[in-house]
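Note that the structure is predicted; figures quoted are calculated from it, not measured. The residues of the chain are indexed from 1 along the displayed sequence.
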Amino acid sequence: MNFRLLLILFLGLSIQACRQPAKYIYNEGAIYGTIYHIVYESPDGKDFHNAIDLKLAEYNQTFSTFDSSSVISKVNENKPVELNEIFLECYNRAMDISTITHGAFDITAGPMVNAWGFGPEERRKMTPEIIDDLKEITGYNKIQLKDGKIVKENPRMKLDMSAIAKGYTCDLVGDFLTAKGCENYMVEIGGEVVARGKNEKGRVWTIGISKPDETAFFASNDIQAKVQLPENALATSGNYRNFYIEGGKKFAHTIDPKTGYPVQHSLLSTTVLAANCMDADAFATAFMVLGLEKSIEIARSIPEIKVYFLYADADGAIQVYMSDDFKEHLAE
């Protein structure tokens, strides 16, 4: 997902405390144009920050569209490149989720997002002709993996895995910490979270989902719900802060790959719990495209995920839909 929704992290410790010699170590830094926070109980108090940064540099070299030498950038420029294992795993799962969501999740939609002004490129003055042109180079079913290469129906097509790579990277860092003997940790990258075990106070990691408030200049600290993550991953996507108004009309950052236009529906945010953050990240994005009714329908068909949706009713009041199995994760 390319929108970072505020998540208040109830870690049960302060940054200052974490920077003192202790079993629980606190690391932070930057990747994919956003900030990461990692807390873990380290065997013998060893700090793995340097090793984690080396791993993150490897992942950035695979998925960053801002780095012209990355794997995905070379794919986008139709240059020869060897697709590494993590690229292939992420690509294959992205295509699976595209199929499950009937194209609501689509890693070829980046040019559309950029054209509407929600990417690194300058916003264009959108016209039906431009939309039609963008639709020609959008569609997960217009690309395929063949003989270890990405084959495009149109060479102008570009891939963007930002709505799944952050979650996948959380999984990879979690796997690294597990391999180092860490049984208790929390990895957060741009609002996507993987947590295992307990925090320094011996409590289950708890994540706060903020209330939707598009009138707030800065992110609101009001908490809509607190979610416990004993052995889970969580991702949240939303429209209510990343938008602009032009000509008296509101344009949200979630673009429907099929129509080429920003979505217009009552869904304000989607939170997904899953066994891995790659799935949570991608499904949260897809549900923001699909809207409330279709998202509920698809979520019910996927027993591996649990969902929590915030939406506006006919009077504009915030309402909640959650799957029955999500309720067991709510904290007081």
J.: Hydrogens and angles aside, do Thr178 and Tyr185 bring a side-chain donor and acceptor to less than 3.5 Å of each other?
T.: yes

J.: Under the rule for salt bridge (charged side-chain N to carboxylate O under 4.0 Å, His left out), what residues qualify as partners of Lys146, not counting sequence neighbours?
T.: none

J.: Are there over 12 heavy-atom neighbours, none belonging to Lys152, within less than 6.0 Å of that residue's NZ?
T.: yes

J.: So, using side-chain hydrogen bond (donor to acceptor under 3.5 Å, both in side chains) as the criterion, who are the partners of Ser70 when residues are at least two apart?
T.: Ser73

J.: Got a sec: does the CG of Asn50 have more than 12 other heavy atoms crowding it under 6.0 Å?
T.: no

J.: Counting only heavy atoms not in Lys142, do more than 12 sit closer than 6.0 Å to its NZ atom?
T.: yes

J.: Please check: side-chain N/O of Asn78 versus main-chain N/O of Pro155, any donor-acceptor pairing under 3.5 Å?
T.: yes

J.: So, does Asp315 use its side chain to make a donor-acceptor pair with the main chain of Ala317 at under 3.5 Å?
T.: no

J.: Is it true that a side-chain atom of Tyr40 and a backbone atom of Phe48 form a donor plus acceptor pair closer than 3.5 Å?
T.: yes

J.: With sequence neighbours excluded, what pairs up with Asn184 under the side chain to side chain contact (heavy atoms under 4.5 Å, CB included) test?
T.: Tyr24, Glu41, Lys198

J.: For Thr206 and Val227, indicate whether the former's side chain and the latter's backbone hold a donor-acceptor pair under 3.5 Å.
T.: no

J.: In chain order, what residues pass the salt bridge (charged side-chain N to carboxylate O under 4.0 Å, His left out) check against Arg156, with sequence neighbours excluded?
T.: Asp133

J.: Side chain of Lys258, backbone of His102: donor and acceptor closer than 3.5 Å?
T.: yes

J.: With sequence neighbours excluded, tell me which residues meet side chain to side chain contact (heavy atoms under 4.5 Å, CB included) with Ala104.
T.: Thr101, Ala286, Val289, Leu290

J.: Got a sec: does the CD of Glu136 have more than 12 other heavy atoms crowding it under 6.0 Å?
T.: no

J.: Answer with yes or no whether the side chains of Asp47 and Tyr26 bring together a donor and an acceptor at under 3.5 Å.
T.: no

J.: Would one find more than 12 heavy atoms of other residues, nucleotides or ligands at under 6.0 Å from atom CD of Glu82?
T.: no

J.: For the atom pair CD1 (Ile72) and NZ (Lys158), what is the distance rounded to the nearest 0.5 Å?
T.: 10.5 Å

J.: Could you measure the distance from the OH atom of Tyr32 to the CZ atom of Phe63? Nearest 0.5 Å is fine.
T.: 5.5 Å

J.: Could you tell me the separation between the CG atom of Leu330 and the NZ atom of Lys226, rounded to the nearest 0.5 Å?
T.: 11.5 Å

J.: Please tell me whether Thr65 and Asn76 have a donor and an acceptor in their side chains that are separated by less than 3.5 angstrom.
T.: no

J.: Would you give the length of the straight line joining atom CE of Met112 to atom CG of Leu134, rounded to the nearest 0.5 angstrom?
T.: 5.5 Å

J.: Could you tell me whether the side chain of Thr270 and the main chain of Ala284 form a donor-acceptor pair under 3.5 Å?
T.: yes

J.: Sequence neighbours excluded, which residues qualify as side-chain hydrogen bond (donor to acceptor under 3.5 Å, both in side chains) partners of Ser301?
T.: none

J.: Hey, could you give me the CD1/OG1 distance between Ile31 and Thr169, rounded to the nearest 0.5 Å?
T.: 5.0 Å

J.: Once rounded to the nearest 0.5 Å, what's the spacing between atom CD of Glu77 and atom OG of Ser68?
T.: 8.5 Å

J.: Taking Ala51's backbone N and O only, do any of them form a donor-acceptor pair with Lys55's side chain (distance below 3.5 Å, no angle check)?
T.: no

J.: Using modelled atom types and a 3.5 Å cut-off, is there a donor and acceptor pairing between side-chain atoms of Thr108 and backbone atoms of Gly139?
T.: yes

J.: Are the side chain of Asp106 and the backbone N or O of Pro257 linked by a donor-acceptor pair below 3.5 Å?
T.: no

J.: Between Asn84 and Val71, is there a side-chain heavy-atom distance shorter than 4.5 Å?
T.: yes

J.: Given 3.5 Å as the limit, does a donor-acceptor pair link the side chain of Asn60 with the main chain of Ser64, or not?
T.: no

